[in-house]
There are 2 protein chains.
Amino acid sequence: MERSNERAAEEERGAGGRPGGPRPPTIRGVAERAGVSKSLVSLVLQDSPRVSAAKRQAVLDAIDELGYRPNAAARSLVARRTHTVGVLLNDMRNPWFVDVLDGLNSLLQAHGLRMLIADGRLDHRAGQDFARTFQELRVDGLVVVGTLPDTDGLAEVAGRLPTVIAGNHEPRLPHVDIVANDDERGARLATEHLIALGHRRIAHLTGHGLVGELRRRGFEAAVRAHGLDASAAVETGDGTEEGGYRAAVRLLTGARGNERPTAVFAFNDISCVGALSAAQELGLDVPTDLSLVGYDNTYLARIRHLWLNSVNNVSHEVGRRAARCLLDRMAHPDAPAAHRLVTPELEIRGSTAPPPTA
Amino acid sequence: MERSNERAAEEERGAGGRPGGPRPPTIRGVAERAGVSKSLVSLVLQDSPRVSAAKRQAVLDAIDELGYRPNAAARSLVARRTHTVGVLLNDMRNPWFVDVLDGLNSLLQAHGLRMLIADGRLDHRAGQDFARTFQELRVDGLVVVGTLPDTDGLAEVAGRLPTVIAGNHEPRLPHVDIVANDDERGARLATEHLIALGHRRIAHLTGHGLVGELRRRGFEAAVRAHGLDASAAVETGDGTEEGGYRAAVRLLTGARGNERPTAVFAFNDISCVGALSAAQELGLDVPTDLSLVGYDNTYLARIRHLWLNSVNNVSHEVGRRAARCLLDRMAHPDAPAAHRLVTPELEIRGSTAPPPTA
DNA sequence: GCCCCGGATTGGATCGTTCCAACCACGACC
DNA sequence: GGTCGTGGTTGGAACGATCCAATCCGGGGC
């Protein structure tokens, strides 16, 4: 009924008339229909206790009949709050981000905030001057997930609105909180697991950036603490499957002159899968001949065909804590910057075993 | 300089004063600083040719000095356009969606539209009444990616704003375009590839929903066209790895009474990986003893360790076409609904070979 | 009977833009 | 010399909500 009237009106007005369709009902329309003033409708909308039951019902009926929806733009214009936080990430393809998003969402939603997601990689322009876009939209806060393309831009925005970095350790800026995984600790966890199984010749495949650095440091610390530095090896990878494969081939064929390691701890799952391929091509069984541990506990690791031990960096929790931080910062914009580390866990599956000689 | 002044002002005003921070500069502020009227500033903003070079420069300078950003809410309030399209998807974890998003974005961005992404699964509330949210925000259009929770809600919204469905064949609604992969054709492609290799006993692992139905139909059509119905088998899966694994075990151990198939075409990559695990556990080599083809060409298929043949449903192209459709529909809201199918391609890797007996 | 009180209701100002009609010089034209 | 553009510039009215001060109304106290 409604619908067809609307359509009819639209066609009457002349086909294709773009921006001037039948305007959506406004608060005035509702007021008129209910026989009250717009102010009273406004009161009903934010259910104030100071309206009589009769009028309230009249207004609600009118809203229903017209299919009225308050205009968020008008609302946020006067309220000077959008109830929206901007989320900037740099590769939605990475499942890790989705977990963080999920964690973020669970808390933000409970506080009546919606997320506006921008992918810096997918959306080049937004990645470049995401600052501009988010400022124009007057988001109430900003969460940067992972590494970010443009630190200067961030510094500018951070001065103007509550900002939190999730899943990365840098950059450190005056009023910007950081919530990240304790990568060094996670690497130590993984390495110590291998040591506890009896491995003595353990290798690490590295990855890029500060995170790569931290994980390597964790590995080295664990190895050193057990007096195994001499027999440990560090091989350069790049976080890709291909890189992991090549690095593993170098390690396992003794191209580096080392004795062959009995266990490998890789920078991440994907490069760990590369190492797995290399091992199988060289006729080594995992875990009988070679133990593997990955990092990130992505769904790759969960595939029964791979079934990798992996460090679970509890990204959901990172997201939740980042949301917590953002809410706090929105309440106290001038609080000193906090740096929170979330402790990862080791997820044990089928890719490690005691070393063959033991 | 700027920044520190701002901060100082804020602290002066009393710590923690939430919503009343130093208000961002408005167009009036810029006008005052540049010594012109706000109207002129507005003209400069949408670079009209009717302003003198001198004043234009003065305005631009003022904008820079103040760090002015136009308020999107105010702008869209009067323009009655938000330059935003809502995108509703139901599982961001699925890499397939990201490809569609990418395709969508490439076109929309070029037309000055930004995307507002809502994940129906991640964000339960938004999934329920995404209709409400998107209407309140007055998005200029709506793209629904994949299956959607609530068809009634969609019908309501579709009557009010340009809507396109991407990557799903239903529901069919009056003015709603559909852009989807030609699943039937893709399944035929995969099956014919196996037939061309010489396979005669081919099995299909099914998946849920209309898509599962279409892929099964494509399989059956191909098999029938070559007179192989008698030796073909269809086994119920559910699109998960576990489901694929179990179904494959049933098929390969002859639990169904069939002779063992020499090739399996799975509903999707993930269930194909399940089948791969089953094969290896049963001591069958892929592709020597058993050929496998998956669907979706996700990055799972690209892992060298798995290296699956898979039907590439060119999701990026689906996204692009959906964007095209949406732009058209925004121009002509009353055009009849179109239903476009995108032809998939078969990506050949290492998981198929001629059957063992041949 | 008048005043006051408090709950229900209302008009008008406001938010920060865009758009339109009006305005203002100033040189050209009749 | 007055009128007519015309390019540049301006004030004021939208847009659709919220919020505040003002109003209305019925009843209780004096």
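So that the names make sense, note that chain A is the first sequence line, chain B the second, and so on, each numbered from 1.
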Mind checking whether B:Val143 and B:Leu88 have side chains closer than 4.5 Å, heavy atoms only?
no
Are B:Lys55 and B:Leu40 side-chain neighbours, meaning at least one heavy-atom pair lies under 4.5 Å?
yes
Look at the side chain of [X] and the backbone N and O of [Y], then say whether any donor-acceptor pair between them is shorter than 3.5 Å.
{"X": "B:Arg329", "Y": "B:His175", "answer": "yes"}
{"X": "B:Arg56", "Y": "B:Ser48", "answer": "yes"}
{"X": "A:Glu156", "Y": "A:Asp152", "answer": "no"}

Measure the distance from [atom1] on [X] to [atom2] on [N] and round it to the nearest whole Å.
{"X": "B:Ile63", "N": "C:dG16", "atom1": "CD1", "atom2": "P", "answer": "16 Å"}
{"X": "B:Tyr68", "N": "C:dT17", "atom1": "OH", "atom2": "C1'", "answer": "7 Å"}
{"X": "A:Ile27", "N": "C:dT10", "atom1": "CD1", "atom2": "P", "answer": "12 Å"}
{"X": "B:Arg81", "N": "C:dT17", "atom1": "CZ", "atom2": "C1'", "answer": "17 Å"}
{"X": "B:Arg23", "N": "C:dT17", "atom1": "CZ", "atom2": "P", "answer": "12 Å"}
{"X": "A:Glu136", "N": "C:dG16", "atom1": "CD", "atom2": "P", "answer": "15 Å"}
{"X": "A:Arg28", "N": "C:dT10", "atom1": "CZ", "atom2": "P", "answer": "13 Å"}
{"X": "A:Lys38", "N": "C:dG11", "atom1": "NZ", "atom2": "P", "answer": "8 Å"}

How about CZ on B:Arg340, more than 12 heavy atoms from neighbouring residues, nucleotides or ligands closer than 6.0 Å, or not?
no
Run the side chain to side chain donor-acceptor pair (under 3.5 Å) test on A:Thr82 and A:Asp140 for me, step by step, so that the C-alpha distance in whole Å, both residues' side-chain angles and the decisive distance to 0.1 Å come before the verdict.
CA-CA 6 Å; A:Thr82 53; A:Asp140 293 340; 3.3 Å; yes
Check step by step if side chain to side chain contact (heavy atoms under 4.5 Å, CB included) holds for A:Asn71 and A:Ile27.
CA-CA 9 Å; A:Asn71 182 326; A:Ile27 200 172; over 6 Å; no
Taking 5' to 3' order, which nucleotide of DNA chain D is first and which is last to have an atom within less than 4.0 Å of a heavy atom in chain A?
D:dC15 to D:dC19
Take A:Phe134 and A:Leu161 through the test side chain to side chain contact (heavy atoms under 4.5 Å, CB included) and record every step on the way to the result.
CA-CA 10 Å; A:Phe134 281 140; A:Leu161 48 86; 5.6 Å; no
Overall bend of the helix from C:dG1-D:dC30 to C:dC30-D:dG1 (five pairs an end, 10° steps) is 80°
Do the side-chain N and O atoms of B:Arg75 and B:His83 include a donor-acceptor pair separated by under 3.5 angstrom?
no
Taking the nucleotide of DNA chain D with the nearest heavy atom to each, does B:Val78 or B:Val36 sit closer to the 5' end?
B:Val36
Test side chain to side chain contact (heavy atoms under 4.5 Å, CB included), reference B:Ile178, set B:Val164, B:Val144, B:Ile165, output is B:Ile165
Please work out if B:Arg56 contacts a base, only the sugar-phosphate, or nothing of the nucleic acid, heavy-atom cut-off 4.0 Å.
nothing
Is B:Ser39 touching bases, backbone alone, or none of the nucleic acid, heavy atoms closer than 4.0 Å?
base
Return the residues of residues 40-51 of chain A meeting this criterion: a heavy atom under 4.0 Å from some atom of DNA chain D. Order them by number, or give none.
A:Ser42, A:Gln46
